[in-house]
Every structure is written in structure tokens, then in C-alpha cells.
Amino acid sequence: MSEEKRHTIQTQLLAWYGQNKRDLPWRKNKDPYRIWVSEIMLQQTRVDTVIPYFERFMKLFPTVEDLANAPEEQVLKAWEGLGYYSRVRNLHQAAKQIVHEGDGKIPSDKKSILKLKGIGTYTAGAVLSIAFDQKIPAVDGNVMRVFSRLFAIEEDIASGTTRKKMESLVERVMPEEAPGDFNQALMDLGATICTPVSPGCLLCPVRSVCEAYEKGMEEQLPVKKKAKPPVQQEMVMVFFQHQNLFIGEKRPEQGLLAGLWGLPTFEIPKGDHHLTIIEKFCKENRIPALNYIIKGEFQHVFSHRHWKVTVVEVELKNTGFDLPTSWSWLEKEKREEKTWANVYHKAFKTERKKV
DNA sequence: CACGCGTGGGG
DNA sequence: TCCCCAAGCGT
């Protein structure tokens, strides 16, 4: 790479950022805790979605100590609807590490910060450069896209080796001064101008040194392998209820919607009928079901699974029987408080519909 | 290194 | 309606 190209990217990008940077709540100061929380929320998640969550989260847990001392239920609740829930479980765990095992401060060296759950190469670079002014790359999807175009890199950006290559490129281009601004400028450029489709090249501050623009291949880059299609699954969610009580299920600590409260959910084997599954389950577990009512169905798409969910109401004769360990009786009034993913809220909507 | 892990928005 | 995504990480 020529010295001229490096210089152009540095100066043009920083100048552009000075004029065009977005006014975002986590940019009000350089508090490492705020930067950290914002970076975790922003993983695979759009800025507009994150903003209200960030504001609420900071009111609830203004410092890392507040977060560490908060009950897990409250922390998970604050993340409700944001998705990728392992992020918040890791965040909470890391806060406890910092407060109870460390000195109560976010580590400012790469080796230590990478030991925290939920902080990988990208997030470490973002926090260290933005909050601690260290010259460390923060290569996310935006930066990969910008650099794959600037240098016409046709390798699959999903591969690990390509990302390493990008990191060393960014490292070479980064200025000594304002590394945090430089990283954020790259991300803002990727988010607002160097977009995945129909990029705004005519507005781009680094168009003059962009190889993809020169070759007219900005729409073809970056190269990214296609994800495989989601698995289709038929599910049943059940409202087991008796008087003002219903049964909630705490999901396993690992896997889909890990650790979240919701409704007992069953997968229907192909060719089976949903009521057959529920009836069999009740019989085997000596659950005193009085009747089964199909309330309706809805679709829910995860990144890698597609659920068709049938909602069933089961009236129970009494509460005097043993529940599976992950199930608990909850008050109906607390339904909305006790269910922490959008897929359950869809079930409530279906339930409230008239039959 | 491939896979699992949510959700809502835009073209 | 459909498809692509958006500031990744842990295993």
C-alpha cells in the first residue's frame, strides 16, 4: 500500500467523521463501562434498535458495580426482546468477575480484557481504542466491507484468515492519534455510505483511493458465502392453567433462548399431531388435564430455525402433582414479566384472540 | 472452522 | 413475500 493511500484514508476519514459522526448516547463520554455495554448490544444488532435498550440499561445499571450486584432476573429482563441472550448472561458474568475478582475497573490491556466472557477480538479492539485511546483495530462487518472495497479483496469475509488479513491492513492504516475515532469513522462510513447494497460512492470521502470503485465492482464486494437455510420445525406451546396460575418453563442454561423464562414448548415430530403429543405427555407425567383447546398458531423466524407454533390451552383439575424441575407455577398477572423473548409474546397474542 | 445463537428493518 | 442482513462470540 502506498504512503499516499494510507495518508488519504487517514485524513479524509477523520475529517469526514468530524463533520458527520452520529450523535449516539454511548458517545457522550469515554466511560469504558458504557462503551463496553454498547459494543455488546451492537453485536449483530442495528443502532436504532439498540438506543432505547442502552438508555434503559444505563438507568438501571449506571456502573459496572450496579450491574454486578443486580439479580440475574432483572438483568435478563432488561435485555428482553433484544435477542442473542447469551450476550447479556456473559456481560453479567463479566461484570461480576470485574467487581468481585478484579479491581472493579474494566481492564485496559488486551490480554486481560479478552479473558472476560463475551469480549472477543472485535469488542476488545473497540473498547481499547475508543475508551483507552489504544491503536488496536476493531474489525467488524462494516470494516470488512469498507476494506474489501478499498483494496478490492475478493476473499470470503466469513473466513478467519480473511479477517486476520483485514486486521493487519487496518493496523497499518490506523493513525497514532485518535485511533478510537478512526475505528468509529470506519464503522459509520460502513453503516451510512459504504452500505451492503447500493453504496453511496458519490458521497464517499475515500472514493479517490477505492479500488472497487475504480474497477466498478463495489456492488460485487464483499464476497460472502451464503448461509444455509433455516431448519423448519413444528412446535406446540402450552398454557397449562388452573385458576389464577399458569405453568412457566425456565429454559436450559445452554442453547436457544438459554436461561429465559417462557412457556412449555414441545417439538412435534413430522407427521404427528400436536394434541397427541400433549396428551401423551400429560398421561406420562400424571398431569390432570381436563381439556385441550387449540387457540391458534403463529410463525417465528430465528436466524437458523423457523418455527410454526400451535398454541394450546390446557385446563388442569388441580395443582397437586409433581412438575418437571424446569417448570414452576406462576401467577397469570405476571405473565408478561415472566416471559422474556418475543416468541412468547406472540403466543400471548394468539392466546388472547377469541376462539 | 463450522455451527448455534434473535430480532426487526429495508429493498 | 422474500431475502439480506447488523458494531460477533463461544464452543
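Naming: A, B, ... by sequence-line order, numbering from 1 per chain. Small disclaimer: the values here were computed from a predicted structure and weren't measured.
- Within 4.0 Å of A/R163, counting heavy atoms only, lies no atom of the nucleic acid at all.
- A sub-4.0 Å separation between OP1 or OP2 of C/dC9 and a side-chain N or O of A/T121 is absent.
- For the pair A/F302 CZ and B/dG4 C1', the computed distance is 12 Å after rounding to whole Å.
- Base pairing of C/dC3: its partner is B/dG10, meeting the Watson-Crick or G-U wobble criterion (both donor-acceptor distances under 3.5 Å).
- Between A/R46 and the phosphate of C/dC5, there is no side-chain N or O to OP1/OP2 separation shorter than 4.0 Å.
- Using a 4.0 Å heavy-atom cutoff across all strands shown, A/R27 reaches at least one base atom of the nucleic acid.
- A/D322 has no carboxylate O lying under 4.0 Å from a charged side-chain N of A/R286, or vice versa, which leaves the two without a salt bridge.
- A/T123 comes within 4.0 angstrom of sugar-phosphate atoms only, judged by non-hydrogen atoms across all strands, and of no base.
- Donor-acceptor pairing under 3.5 Å is recorded for the side chains of A/K332 and A/Q241.
- As judged by a 4.0 angstrom heavy-atom cut-off over every strand, A/W26 is placed among the base-contacting residues.
- Phosphate contact (OP1/OP2 of C/dG10, side-chain N/O of A/Y84, threshold under 4.0 Å): absent.
- Note on A/T49: nothing from the nucleic acid sits closer than 4.0 angstrom, heavy atoms only.
- Proximity of A/H304 to the phosphate of B/dG4: no side-chain N or O atom is located under 4.0 Å from OP1 or OP2.
- Between C/dC5, B/dG6, B/dG4, one nucleotide has an atom nearer to the side chain of A/K228 than all others, and that is B/dG4.
- Contact annotation: side chain of A/T45 to base of B/dG6, donor-acceptor pair present below 3.5 Å.
- Among the heavy atoms of the strands lying under 4.0 Å from A/L257 are primed sugar atoms or P, OP1, OP2 only; no base atom is included.
- Contacts of A/V301 with the nucleic acid, taken as non-hydrogen atoms under 4.0 Å apart, include base atoms.
- Among the atoms of the strands shown, base atoms are found under 4.0 Å from some heavy atom of A/V47.
- Note on A/N342: a side-chain N or O is less than 4.0 Å away from OP1 or OP2 of B/dG8.
- No contact: A/G190 has no heavy atom under 4.0 Å from any strand.
- For the residue pair A/R34 and A/T63, no side-chain donor N or O sits within less than 3.5 Å of a side-chain acceptor on the partner.
- Note on A/K346: nothing from the nucleic acid sits closer than 4.0 angstrom, heavy atoms only.
- Counting only N and O atoms by type, the side chains of A/S159 and A/D156 include no donor and acceptor under 3.5 Å apart.
- Here A/I130 lies out of heavy-atom contact (under 4.0 Å) with every strand.
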